[in-house]
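Side chains are part of it too, since the values below use all heavy atoms of this structure and drop only hydrogens, waters and symmetry mates.
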Amino acid sequence: MHTMGIERKKIHPHKYSLWIAMGSITMMFIGFTSAYIVKRSQANWLAFELPHIFWLSTAIILLSSLTVHLALKQFKERNMQRYKQLITITAILGVVFAACQWIGFVQLKNSGLPLSGPVSASFIYVIVGVHMLHVLGGVVALLIMFGRAYRTRVRTYSAVPIEVAATYWHFVDILWIYLLIFLSIAR
């Protein structure tokens, strides 16, 4: 009885690895935003508005967080048809979010703020660009979940892969909201 209780408290190795990775990513972005605050005090710092599409992309990633949550719930209830629909919507929203981020970069460049321009613009490119790379990792995970959902032969009902993908997706969502608020306030 006692060993069963201990085993139930163990975290799955994939989930443990994910939490370690998310901790590392969080530390990296804390470093980026700290450097941003330090550099902001320079005399030649240029403050500017973020592209409006970043706000639209925020709504998209929030919606995708909701759909991946619902997809996980449907998977656990073994409602596979509804799970397929929700994971498909989530994957599409993930791709649309990444596209909106790219459009934001183009809008920044077209407004006279290239990567090699003012330091403040360069920080935006680096911070948002590194976040976008992490989002692309999440999009790949969502597309893998999408592909698995439509595979017909092999059926496993382990929720661990979708739990890991959903947790990571929620993480990049929360991280984006933090970055957007930070970059809007600390201009």
> Should the pair Trp176 and Phe97 be assigned to parallel (<30°), tilted (30 to 60°) or perpendicular (>60°) ring geometry?
Replying inline: perpendicular
> Above 12 or not: heavy atoms from other molecules or residues under 6.0 Å from NE2 of His69?
Replying inline: no
> Mind checking whether Ile124 and Ile30 sit in one hydrophobic cluster, side chains of I, L, V, M, F, W, Y counted as touching below 4.5 Å?
Replying inline: no
> In terms of hydrophobic clustering (I, L, V, M, F, W, Y; side-chain heavy atoms under 4.5 Å; direct or indirect links), are Ile181 and Phe171 co-clustered?
Replying inline: no
> What is the distance from atom CD1 of Ile53 to atom OG1 of Thr58, rounded to the nearest 0.5 Å?
Replying inline: 10.5 Å
> Is Trp55 close to Ser184 at the side-chain level, that is, under 4.5 Å between some pair of heavy atoms?
Replying inline: yes
> In Å and rounded to the nearest 0.5 Å, what is the CG to CD distance from Leu70 to Gln85?
Replying inline: 12.0 Å
> Does Ile11 share a hydrophobic cluster with Val164, counting links as ILVMFWY side-chain heavy atoms below 4.5 Å and allowing steps through other members?
Replying inline: yes
> How far apart are the closest heavy atoms of Arg40 and Ala186, and which atoms are they?
Replying inline: NH1-CA, 3.2 Å
>> Counting only heavy atoms from other residues, nucleotides and ligands, does the tally under 6.0 Å from NE2 of His14 exceed 12?
In response: no
> Roughly how far, to the nearest 0.5 Å, is CG of Leu113 from OG of Ser122?
Replying inline: 9.5 Å
> Would a 4.5 Å heavy-atom cut-off, applied to side chains only, mark Val68 and Leu93 as touching?
Replying inline: no
> Under the side chain to side chain contact (heavy atoms under 4.5 Å, CB included) criterion, do Phe75 and Leu86 qualify, and how do the steps go?
Replying inline: CA-CA 10 Å; Phe75 185 89; Leu86 289 165; over 6 Å; no
> Got a sec: does the CH2 of Trp19 have more than 12 other heavy atoms crowding it under 6.0 Å?
Replying inline: no
> Same cluster for Ile174 and Met28 if Ile/Leu/Val/Met/Phe/Trp/Tyr side chains link at under 4.5 Å?
Replying inline: no
> With respect to Ile60, which candidate in Leu62, Leu63, Leu56 satisfies the side chain to side chain contact (heavy atoms under 4.5 Å, CB included) definition?
Replying inline: Leu56
>> Testing the basics here: between Pro114 and Ala121, what is the closest heavy-atom pair and its distance to 0.1 Å?
In response: O-CB, 4.1 Å
> Are any side-chain N or O atoms of Ser41 and backbone N or O atoms of Ile37, one a donor and one an acceptor, separated by less than 3.5 Å?
Replying inline: no
> Roughly how far apart are Lys84 NZ and Gln74 CD, rounded to 0.5 Å?
Replying inline: 13.5 Å
> Is Thr26 close to Leu175 at the side-chain level, that is, under 4.5 Å between some pair of heavy atoms?
Replying inline: no
> If you count the non-hydrogen atoms of other residues, nucleotides and ligands that lie under 6.0 Å from OH in Tyr16, is the total more than 12?
Replying inline: no
> Under 30°, 30 to 60°, or over 60°: which ring-plane class applies to His131 and Phe29, parallel, tilted or perpendicular?
Replying inline: perpendicular
>> Using side-chain heavy atoms (C-beta onward) and a distance below 4.5 Å, is Leu179 in contact with Thr33?
In response: yes
> Are any of the side-chain heavy atoms of Tyr125 and Lys109 separated by less than 4.5 Å?
Replying inline: yes
> According to a 4.5 Å side-chain heavy-atom criterion applied to Ile, Leu, Val, Met, Phe, Trp and Tyr, with indirect links allowed, do Ile177 and Ile127 form part of one hydrophobic cluster?
Replying inline: no
> When rounded to the nearest 0.5 angstrom, what is the spacing between OH in Tyr168 and CG in Leu18?
Replying inline: 8.5 Å
>> Run the side chain to side chain contact (heavy atoms under 4.5 Å, CB included) test on Thr167 and Lys15 for me, step by step, so that the C-alpha distance in whole Å, both residues' side-chain angles and the decisive distance to 0.1 Å come before the verdict.
In response: CA-CA 9 Å; Thr167 301; Lys15 292 179 181 178; over 6 Å; no
>> For Tyr36 together with Phe32, are the ring centres under 6.0 Å from each other?
In response: no
> When you measure from the side chain of Ser120 to the backbone N and O of Leu46, does any donor-acceptor pair fall under 3.5 Å?
Replying inline: yes
>> On a heavy-atom basis, which atom in Pro51 and which in Leu108 lie closest, and how many Å separate them?
In response: CG-CG, 3.7 Å
> Any side-chain heavy-atom pair from Val128 and Leu50 closer than 4.5 angstrom?
Replying inline: no
> What class does the angle between the rings of Phe54 and Phe105 fall in, given that below 30° is parallel, 30 to 60° is tilted and above 60° is perpendicular?
Replying inline: perpendicular
> Rounded to the nearest 0.5 Å, what separation is found between the CG atom of Leu136 and the CG atom of Leu142?
Replying inline: 11.0 Å
>> What I'd like to find out is whether the side chain of Lys73 reaches to under 4.5 Å of the side chain of Tyr83, using heavy atoms alone.
In response: no
> Are side-chain heavy atoms of Trp102 and Met132 found at a separation under 4.5 Å?
Replying inline: yes
